[in-house]
Amino acid sequence: MADVLYTGPIPAERGGELAMGGGRSETSALSGTGGGRGMTTTQNSQRPNACCFCWCCCCSCSCLTVRNEEEKRKRRRRKRISQDTKMDTIPNCEACTKPSVDEIRLWSQSFDKLMRNPAGRNVFREFLRTEYSEENMLFWLACEDLKQEISKGAVEEKARSIYEDYISILSPKEVSLDARVREVINRKMQDPTPHTFEDAQLQIYTLMHRDSYPRFLSSNIYKSLVHGGSRTSSES
């Protein structure tokens, strides 16, 4: 008996054709046009999302780059100014008595204890000068001084001076504040009070606490005080 040859489509091929056919039918049904045009419509409908995603990424990267460049510019400016005066003694230091070794050790227990002590503030300010961020302490002290004023004329004069020295973007001693706090200050400067810079002062206090204070405790400036005080106590 002669062999009978099967000339029909191979099952795998049939499946492929059915799958392709199904894909064209689905595309055509969605587009209402031919298969090729339907596929083009589907691809085009996906493009806005892809482009939008890329645009957002590019925008975010650009904003981040601008912020980074701005921070670098500020650091360079602060460094240049600090280098010009780094050999000078700290001007306008607060009057204080020499701290005992017990007082010095208390500064490591909390940032509040350090900032409540005039000698502690002077030493911390000296450390901030080495990091080119002394303006943070100067701004905080200026705000504390403003709170003591009761004369409206003196308040307005000191508030304007603080704004020009530490808030204005043109000042070399500008402190780092977010947009919300700056907006509040600009609004309050229309009629300044002793508490005009309260939000800004808190933000700078928090910045010094979280950023500079831990490094201060590990610095040679603080360690030398602790060890020097310990040696003096043991010798006496």
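For residues 172-193, no pair satisfies ring-ring contact (aromatic ring centres under 6.0 Å, His included), with sequence neighbours left out. Screening residues 163-192 for ring-ring contact (aromatic ring centres under 6.0 Å, His included) gives F139-Y166 as the qualifying pairs, with residues at least two apart or on separate chains. Annotation: ring-ring contact (aromatic ring centres under 6.0 Å, His included) contacts involving residues 97-126, sequence neighbours excluded, comprise F111-F124, F111-Y205, F111-H209, F111-Y213, F124-F216.
Here the closest non-hydrogen pair linking V155 and L146 is O-CD1, 3.8 Å. Summarising the geometry of K98 relative to E103, their closest heavy-atom pair is O-OE1, 4.2 Å, with the distance given to 0.1 Å. Closest approach of R121 and W140 over heavy atoms only: CD-CZ3, 3.8 Å. Taking every heavy atom of both residues into account, A119 and N117 meet most closely at N-OD1, 2.9 Å. Here the closest heavy-atom approach between residue D165 and residue K173 is recorded as O-CB, 3.4 Å. Among all heavy-atom pairs drawn from R182 and I169, the shortest one is NH1-CG2, 4.4 Å.
Salt bridge annotation for D191-K152: present, with a cationic side-chain nitrogen under 4.0 angstrom from a carboxylate oxygen. Using a 4.0 Å cut-off between charged side-chain N and carboxylate O, E156 and R160 make no salt bridge. Remark: K147 engages E144 in a salt bridge, criterion side-chain N to carboxylate O under 4.0 Å.
With S171 contributing its side chain and S168 its backbone, the two residues share no donor-acceptor pair below 3.5 Å. Side chain of S224 to backbone of N220: a donor-acceptor contact under 3.5 angstrom is found. Between the S161 side chain and the E157 main chain, no donor and acceptor come within less than 3.5 Å of each other.
At least one side-chain heavy atom of I162 sits under 4.5 Å from a side-chain heavy atom of F197. Between D112 and R116, some side-chain heavy-atom pair lies under the 4.5 Å cut-off. Side-chain contact between I167 and M189 is absent, with no heavy atoms from C-beta onward closer than 4.5 Å. Counting heavy atoms from C-beta outward, R125 and L138 have side chains that approach closer than 4.5 Å. When side chains are defined from C-beta on, L202 does not count as touching V181, because their heavy atoms never get closer than 4.5 Å. Between E183 and K188, the closest side-chain pair of non-hydrogen atoms is not below 4.5 Å.
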